[in-house]
Every structure is written in C-alpha cells, then in structure tokens.
Number of protein chains: 4
Amino acid sequence: MDQPHVATGDTAAEAGNPDKTPRTERGRRTLRKLLDAAAIEFGERGFHDASISAITRRAGTALGSFYTYFDSKDEIFQALVRYMSEQLRDHVTPLVQAAPDEISAERIGLESFLGFVREHKEIYRIIDEAEFVDYASYRRHYETTVARVRQRLEDGAARGEIRADVGEVHAWAIGGMNVFLGMRYGLWDADADIAEIARIANDLLANGLKKQD
Amino acid sequence: MDQPHVATGDTAAEAGNPDKTPRTERGRRTLRKLLDAAAIEFGERGFHDASISAITRRAGTALGSFYTYFDSKDEIFQALVRYMSEQLRDHVTPLVQAAPDEISAERIGLESFLGFVREHKEIYRIIDEAEFVDYASYRRHYETTVARVRQRLEDGAARGEIRADVGEVHAWAIGGMNVFLGMRYGLWDADADIAEIARIANDLLANGLKKQD
Amino acid sequence: MDQPHVATGDTAAEAGNPDKTPRTERGRRTLRKLLDAAAIEFGERGFHDASISAITRRAGTALGSFYTYFDSKDEIFQALVRYMSEQLRDHVTPLVQAAPDEISAERIGLESFLGFVREHKEIYRIIDEAEFVDYASYRRHYETTVARVRQRLEDGAARGEIRADVGEVHAWAIGGMNVFLGMRYGLWDADADIAEIARIANDLLANGLKKQD
Amino acid sequence: MDQPHVATGDTAAEAGNPDKTPRTERGRRTLRKLLDAAAIEFGERGFHDASISAITRRAGTALGSFYTYFDSKDEIFQALVRYMSEQLRDHVTPLVQAAPDEISAERIGLESFLGFVREHKEIYRIIDEAEFVDYASYRRHYETTVARVRQRLEDGAARGEIRADVGEVHAWAIGGMNVFLGMRYGLWDADADIAEIARIANDLLANGLKKQD
DNA sequence: AATGAATGAGGGTTCATTCAT
DNA sequence: TATGAATGAACCCTCATTCAT
C-alpha cells in the first residue's frame, strides 16, 4: 500500500467504541499494526477465512490485545471498509477536480480508479465483501461514491457541458461501468493499457453507441 | 421463484461427482428439494451463515441425505451458481433475441434483468457471493454474460445499427452498468419504474452524455 | 490369496446368525464375494477405515445386500478372523506334522509361518487388529495356536526328543518368537532368507544362548 | 501409574508443533492433565472409541483447550506412544544394567517387563494399538526395543558370556518371547508368579530345548 | 496495556444401519 | 434376494471471545 497506515483515533472511534481509543503513543502504534495486518489478512483470505489470531500474529501482538482496540471481528472489518473507501476517494477526488470539464473528469476518474485497483487489489476485495459482512458499509460506500458522480454530472450540466437531464440513473450506470472495468482490467488483467481503456469507455460515455460521423 | 425446481441430473452431476446422480425417481425428488432449499437458505443467510442442517430441515430430509447428493457445502453452492446463471440467461436471452435492433436489445436486456433481479433477489445474492466462495464460478458467470453482450454488439455493428468499433471494453461497461442498476433499482428499490430506468439508461447508452439537439 | 474364497455356510452361521445362511446358490456366491472383498478392504485399510459401502463396492453388490448376510460390521470381521486363523492353521499343520522330530517341527512351523505371512500380509494384519475389535477372537486365535505348540512340545518330550519339563510358558515363548520374526522378516523385510531365519531361530530354540562347544 | 505425569515440553513439542508448547506454568499443568487423561481414556476404550470430549472431561478442561496443546487426536496418541515407550525403557533399563551377566540381564529384563505390564496395562494396549493408528511409532518402538536387546547380546558375547554368533534374529526372537509372555502372564493372568515365569523362560533361552543333563 | 490460556457453541462430515421398493 | 435411498447419532475441529495474570 502506498499509504499503509490507517489513520488512528478517528476510524476506530467512529466505529462506535469511543472507550477503545488509545491514549498513549504505544497504544496508537499497536492499533495501527492491527489495522495494517487486518487489511492484508482480509484481502488475502477474505473475511471468513481470516482469523483474529492470524491478524494478531501478523501484527506481532498477543491475541488478547486485539480486544483492547476492537469489540469484534466485524468492527475492525467495518473500520477497514470505511477507511478504504476514504482512501479511494482521497486518491481519485483531487485528480477529478483538476479536470477541465465533466467529460474529462469522468475519464480521469475511471483511469485513476483503474490504477488504484491495480495497486490495491485488497481494497477492492474488502469493499466488495462488505456486501456479505457489513451490508450498511457496503451500501454507504456505493451510495456516497455514486452521489459524487451524480454531483459532478449535475454540475457539468449546469455548466452546459453535458446534457441537462442527467440524474441518479446515469450516475449508477457510470458507477457500475467503472467498477466492472476495474474488476476486468484492474484486477484480472495486469497488462491492460489503463489509459486506453479509460479513453474507450469515456468515448462511449460521451457519444453513446450511435454511429459516429 | 418462477421456476423453482433446479433441473436434476445435469447440474449436480457436472459439479464433479458423477456417482451421486440419483438413480430413482425418489432420488431425483430429494435432490430437487435440497437444491430448492439451498437456494432459499443461501439467499436469505449467505453462504457462511447458512448451515447444511438448515437446508435439510427446509427440504424436509434427514441431515445425512444431503451427502447422498453432494460432497460438501461448497459443491452445492457451486451447483447453484451454475444453475442460477443459467436461469438468468434463459430468462433474458429469448426476450433479447426478439428485439428489432441492437439498441432495443440492450434496453430489453436491461429491463428483463431488472425484473428478474426483483423477482429473484436470492439469485443476485448467490451469484455475487460466489466472488468469495467459488471464484471460478463467479468469474465464469460474468465472463460468459459479458461475452454475450459483446456478441450482440458486434452483430449489431455488422448490421450497421451501431458504431463499428465496439468491443470488449464496451461490453464490460454495459455489463457493469446493468449489474449496478440491478442492485440499485432491482434489489434496493422495490417501487422504481423498471421500464423507465431501462429507457433512461438505454438512452445514455445510445446517445452518450453529449447535449442533445 | 491362494485360497481366496472363504468357505460359506459354516463361517457365517457360526458367527451367531443362523438365519442369514444363504439358501440358494446365488446367495452363496454373494456371501463369498462379500467375504473376499472384506478381507481385502480390512487388510488394506484396517477395521475402522474400512467401510461397509467400500466392501459392497468391491464385491459389486448393493449396500443393502450386506445386511442380508451379516448383522454388522463386527460380525463379518469376526467371521474373517476365524476363517483366517483356520487358513493359517491349515497351511502350517500338515507341514509340521510331517516333520521327523519336534525340533525340526518347530523349524518347519516357523519357516512355513514366515512364508505364509509374506504371502498373506492382510491376514497378519486382520488377526492382529482383532485385539482392538474383537478381543475374544484375538485371544482364541493365540490360545489355540499356542495350545498346538504346547501339544507338540509335550509330545516331543514324551518321545524323549526334548527336555521333559516343557509346558505352557515355553509354548508362549515360542509363539511370541514366531510372531515377531513373522512381523520382522515376513511383513517388513521382503528379501530376507526365510529358511535361514528359521534355522537361526531354531538353533537358538534348540541350544539356547550358551556357548557352543 | 507410578509416574503418572507425562514430562511436558519435550514430548508434546517433539510431536511436531513447537508453537503449542505452553509458556506458562498453568499451561504446563493443563497439558499434563490432558496427557494423563488421554492415557486412561485410550487405555480403557481404545483409540477409536475414545473421544476428545471424554479426554477433556476427564482432564477437567474445556473441549477447546485440547487444541491449545495438540493439533489432533492422532497427535496426542503419537505423543503418548512415545512417552510410554520411554516410560517402559526407563523402568527396565536400570534394572537390566545392574545385572551381573547377560543371561541374568535377560531374565531381569523379562521379569521387570512383566511387572510393568501388570501395573500399566494401558501402556501395553496403547503401544500395541499404534500398529493401527500410527504405524511409524509402533515400528519405532519395537525397533528401538529390539535394538537394545541386540546390543546387550553382542556385549555379552564380547564378554564371552554367551555364544558369539548372536545377532538380529536372536534379538527379535527374544523380543517376541517377552511380549507374548507379557500378554499372557502380565495382562491376562493377574496371579501368575512373575519371577517364576521369567525363570522358566530364561532357562529356555539359556539352555534351549535340549535335554538337560 | 499486554499476554496467552481457557472457554464452548457451532457446524461440517461420516457411516453403520434401516427401510421401501 | 437385491437395490439404493434415507436416517441421524456421533465426533472432530475451529475460532471468536473472555479471563486471569
């Protein structure tokens, strides 16, 4: 991971257990090690095959220490999903915002997403598995992600760059398109030319299937 | 389920244990009851929370009877994924093939998919969970599904109905679009007007984001 | 096996289930197939790892047919132990009886035992496993075997061929010696010169450890 | 048992799971309780009828604690066989070594073996059952035991106490003799005069069957 | 805060035996 | 007699969580 360390304090606390926030520097280090280890373990083996003891083993802590920082296996998973969702957002958003127009923004968004998936396959897997482990997190992730797409579309429309009738359906369509291309060309195909994929998909998005002049 | 009964013989046998094919009519009935029960159980509780004993309880058979027809929990899951993938294909394909042109075909395909998801939420869930239980089945499902989309696109292009440069990327983009709309409006939103959703998405697909005249 | 077919009628009946004696020729054939299959299965996999269904599979009969001829897994095992004990006796006895004197008889008994073990490893294993499956059969086998040794010793002493004070202890000592040499040189060592082993052991038996003149 | 407590650390660790060695005194106590309970359970009911839950019930620990110290039922059995083989050796060896000469050593060895079997019937049974549970342990036990006999014989021959041509065959013959006498007079016959049995067998060993002057 | 042993519910799987045809 | 499906008790093992130190 480029930014392997999960931000401490925040993430764990928000998960609903304020008392477990570490008070000392040593505690913060342990929490961080646990989150990093969990990201690898969940990414490699999936939620159910992952075990707390494997996480603590990877983290180099005692088994019992896990429960100093998390109430349950589900809770650390939830913390990770939220964190990874944020990671992804933080990677994509600035690039997209620097785009000259909405069509370009979508191309850049897709390309940066493909790149991110390729670099962080475990993130893709963890977020997807949330569908079966922590449905609320899963849904929140995609709803907020798609909401950002929608906002961009509507802003672009307001600026007159694209058709005016864009809305929620378009946003979900684009979201799905991106995710599947991420799976196909980010996860499964290590050699695909990401920029080219993004260009092709963006052209479809911009012009549709109609015959071009 | 509209067609609640899993075709026997085929599905179970292909899963790799030819010796477990039932030889009597009674055996075929039991196998069918088990598959139906498993579809409900896996759909409602997910693979890991589902238990073999709950499946046999639902099926009204003894626990041991499960192992007369399947070698393991994984095997019945795999059989189900394949069966459900086929169910979905059998639902959508004839409708799509009756479409007057490729653009319409994609609209009809999406609309029938949305309808199918809404009627068979458990199928959506089971296929998706294969990503974490039986990756090969998961991948096969989406690869064959997308391959069908691609074939349609290329046929449409050959007929001059759509742009000539369509290919794999477009097919995956459309596949992802459909799946996400299925999740959003088939699974999550029971009241959405499916035909309207399909129309909007199809219009995007046909014309892109460009401002319309 | 040289004599692969277990004598029918007798053996099964004596095991305590007279009603299960086959009445037709076809029935006798089935019983025989089951016993032969069981001998191989128990010999190869041991009592606990052997399964009734594997036995019937080997025998080429239906699972249910097993219970037409035997009341339980234990019963067929018991029948086999008795049969194999008889096989062994029938192989060794005539050879021993043809010996010119008691010392030679013991040598010939050991040598023929070693040969038998080497040819019928499964018999050795089945009889030994009776210690943990059917203790009565196990004990009966060794008690009758040792009783025959003792009889020979006493007859030999009466004929003045060997010391007069031979008795039960000597018989058990000889029995144990034979069994261990059978394990070491019959079972474990396929290449040992059986006649030479028997000669060495017999010399020990005849002359003891004392320094020879 | 005279020495009911299995030495911890060693035995369990050697079984192949170094990570399961207890690190605290409490852990060592639990491991010891489990081994003691397993010795009784296996001795009374045999490997297959013994259950882990019965072992932990006897030991007064939770079921799960078993797996803190052993990977499987087979592993604890293996540990026990090794331990019991050592117990037996430690009982017999010093007595034998104190013998004035080789012939006496064999008598003392047999007599002490008979006494040991009578006091520790479960040890006899567990070692013998290894033939069907853990063949490698079984074979190792008898090979090392017989190797010790052989060494004694050769040392005795070198000292001129017995015939010079003693070797492996003699050692296995003596081993088998001892084991069978152990079964007959140690296990089965609680009243036999052990010293007298050993004397008779030793006389056979020393002088053979030849008529005595 | 850290450690690691202890707990026990839970579930997948086996297979001897019974039963209906 | 033969067949093969049905039955369900039994058991090994996992692992999230708790507890004592």
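Order of the sequence lines sets the chain letters (A, B, ...), proteins ahead of strands, with each chain counted from 1. Atom set for the values below is all heavy atoms of this structure, side chains included, hydrogens, waters and symmetry mates excluded.
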Engineer: Ignoring the backbone of Arg23(A), work out which of dT17(F), dT7(E), dA1(E) is nearest its side chain.
Structural biologist: dA1(E)

Engineer: Does a side-chain N-to-carboxylate-O contact under 4.0 Å join Arg45(D) and Glu122(D)?
Structural biologist: no

Engineer: Looking only at the side chain of Ser72(C) (C-beta and beyond, no hydrogens), which of the listed nucleotides dC13(F), dA6(E), dT17(E) gets closest?
Structural biologist: dT17(E)

Engineer: Please pick, from dT13(E), dG8(E), dT17(F), the nucleotide with the shortest atom-to-atom distance to any side-chain atom of Leu63(D).
Structural biologist: dG8(E)

Engineer: dA2(F), OP1 or OP2 - any side-chain N/O from Tyr69(C) closer than 4.0 Å?
Structural biologist: yes

Engineer: Out of dT1(F), dT17(F), dT7(E), which has the shortest distance to the side chain of Thr61(D)?
Structural biologist: dT7(E)

Engineer: Thr30(D) side chain: which of dA16(F), dT17(E), dA6(E) is closest?
Structural biologist: dA6(E)

Engineer: Among dA5(E), dG12(E), dT13(E), which nucleotide sits nearest the side chain of Arg26(D)?
Structural biologist: dA5(E)

Engineer: Out of dA16(E), dG8(F), dT13(E), which nucleotide sits closest to the side chain of Lys73(B)?
Structural biologist: dT13(E)

Engineer: Can you identify which nucleotide, out of dT7(F), dT3(F), dA5(E), has its nearest atom closest to the Thr24(D) side chain?
Structural biologist: dA5(E)

Engineer: Of Ser65(D) and His48(B), whose closest DNA chain E nucleotide lies nearer the 5' terminus?
Structural biologist: Ser65(D)

Engineer: Can you name the one residue among Phe47(A), Phe132(A), Tyr138(A) that meets ring-ring contact (aromatic ring centres under 6.0 Å, His included) with Phe77(A)?
Structural biologist: Phe47(A)

Engineer: Given that both distances must come in under 3.5 Å, which nucleotide forms a Watson-Crick or G-U wobble pair with dT18(E)?
Structural biologist: dA5(F)

